[in-house]
**Student:** 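Handing you a structure now.
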Amino acid sequence: MTRGFRAAGGGVAVDLDAEETEILRAMAGLVLELVEEPPEKDEFERIVGIGANTEKPDDPVLARLFPDAYSGDDADPSSSADFRRYTEDGLRLNKRANARSLIEELPAGGGGRVELDSGGAHAWLKSLNDVRLALGTRLGIDEEAHDAYLRGEAVVPESQAAALHLYDWLGMLQESLVEALFDVRREGE
């Protein structure tokens, strides 16, 4: 089992076993399936950067990945709709690119070392975040419930125990990546 990312040669590296590699490949693949490419735009829409979607997604996972910009009792729904029109297509493209980057950098045919430069590391960081948001939303995990689980105060149904373990492992991997990026930055100073 991996010990997480570490600074290596001006970038970051992690050693993954075959099972970890396949889990990451599958989870990033699910994000690619879930986050569809934006629809084709006409020339004017491409130039101006306007998308067609103005509605918050019905799917709770997509709603978490693409939340309203403005919320609360005094929020103007038309402001959220306008914000979504100008940002969601770009977010979709970036989330898909980050998931593809994660998949492409994984060792082929099993485990091995993954070495990432700064750009690759940031793409992985964003993709791991999307995977955790999607998994956490499907499991109904919120900060309070997760903290109670970690303190041993909450009982998790056996059917969710493996998924919750995966959620925690992804969090550890994400945290180690952030720490390794800080180490790289300190080494460069």
**Student:** Within a strict 4.5 Å, meaning less than it, do heavy atoms of the E43 and I47 side chains meet?
**Tutor:**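 In contact.
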
**Student:** Would you say that more than 12 heavy atoms from the other residues, nucleotides or ligands in this model lie under 6.0 Å from the CZ of R151, or not?
**Tutor:** yes

**Student:** Starting at CG of D89, measure out to CZ of R84 and round the result to the nearest 0.5 Å.
**Tutor:** 11.0 Å

**Student:** With rounding to the nearest 0.5 angstrom, report the CG to CD distance, L177 to E175.
**Tutor:**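 With rounding to 0.5 Å, CG (L177) is 11.0 Å from CD (E175).
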
**Student:** In Å, rounded to the nearest 0.5 Å, how long is the span from CZ of R25 to CD of E104?
**Tutor:** 10.5 Å

**Student:** Let me see the working for L125 and N129 under side chain to side chain contact (heavy atoms under 4.5 Å, CB included), right down to the final yes or no.
**Tutor:** CA-CA 6 Å; L125 195 57; N129 188 60; over 6 Å; no

**Student:** For L135 and A163, which heavy atoms make the closest approach, and how far apart are they?
**Tutor:**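 L135 and A163 have their closest heavy atoms at CD2-O, 3.7 Å.
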
**Student:** Carefully, step by step, assess M27 and L166 under the rule side chain to side chain contact (heavy atoms under 4.5 Å, CB included).
**Tutor:** CA-CA 10 Å; M27 296 302 292; L166 175 59; 4.0 Å; yes

**Student:** Decide if atom CZ of R100 counts as having more than 12 heavy atoms of other residues, nucleotides or ligands within a radius under 6.0 Å.
**Tutor:** yes

**Student:** CG of D42: more than 12 outside heavy atoms within 6.0 angstrom?
**Tutor:** yes

**Student:** Side-chain heavy atoms under 4.5 angstrom apart, residues restricted to Ile, Leu, Val, Met, Phe, Trp, Tyr: same cluster for I103 and L34?
**Tutor:** no

**Student:** Decide if atom CD of E22 counts as having more than 12 heavy atoms of other residues, nucleotides or ligands within a radius under 6.0 Å.
**Tutor:**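 Atom CD in E22 is crowded, with more than 12 foreign heavy atoms closer than 6.0 Å.
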
**Student:** Could you check whether R96 pairs with D130 (Lys NZ or Arg NE/NH1/NH2 to Asp/Glu carboxylate O, under 4.0 Å)?
**Tutor:** no

**Student:** Just how far is it from atom CG of N53 to atom CZ of F66, taken to the nearest 0.5 Å?
**Tutor:**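 Spacing of CG (N53) from CZ (F66) equals 9.5 Å.
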
**Student:** Let me confirm one number: the CD-CG distance from E179 to D183, rounded to the nearest 0.5 Å.
**Tutor:**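 One finds 7.5 Å between CD of E179 and CG of D183.
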
**Student:** Quick check: is W169 connected to Y167 through a chain of hydrophobic side chains (ILVMFWY, heavy atoms under 4.5 Å apart)?
**Tutor:** yes

**Student:** Taking all atoms of both residues into account, what is the closest heavy-atom pair of R138 and P60, and its distance?
**Tutor:**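 Taking R138 first and P60 second, the nearest heavy atoms are NH1-CD, 4.3 Å.
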
**Student:** Closest heavy-atom contact between A99 and S127?
**Tutor:**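 For A99 and S127, the tightest heavy-atom pair comes out as CA-OG, 3.4 Å.
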
**Student:** Is the backbone N or O of Y70 less than 3.5 Å from a side-chain atom of S80, with the two atoms forming a donor-acceptor pair by type?
**Tutor:**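 Yes, the answer is positive, given that a donor and an acceptor are paired below the 3.5 Å cut-off.
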
**Student:** For F5 and S176, which heavy atoms make the closest approach, and how far apart are they?
**Tutor:** N-OG, 2.9 Å

**Student:** What closest approach, in Å, do Y86 and D82 show between heavy atoms, and which atom pair accounts for it?
**Tutor:** CD1-O, 3.1 Å

**Student:** Check the pair L181, H122 against side chain to side chain contact (heavy atoms under 4.5 Å, CB included), reporting the backbone distance first and the verdict last.
**Tutor:** CA-CA 9 Å; L181 286 169; H122 282 89; 4.2 Å; yes

**Student:** With a 3.5 Å distance limit and no angle check, can you tell me whether R64 reaches the backbone of A134 through a side-chain donor-acceptor pair?
**Tutor:**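 Absent.
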
**Student:** On a heavy-atom basis, which atom in L16 and which in T21 lie closest, and how many Å separate them?
**Tutor:** CB-OG1, 3.6 Å

**Student:** Drop me the distance from L62's CG to T137's OG1, to the nearest 0.5 angstrom.
**Tutor:**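 Rounded to the nearest 0.5 Å, the CG-OG1 separation comes to 10.0 Å.
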
**Student:** Going through the distances and angles, do W124 and V12 end up as a side chain to side chain contact (heavy atoms under 4.5 Å, CB included)?
**Tutor:** CA-CA 11 Å; W124 269 57; V12 297; over 6 Å; no

**Student:** Is it true that a side-chain atom of E105 and a backbone atom of L116 form a donor plus acceptor pair closer than 3.5 Å?
**Tutor:**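 No.
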
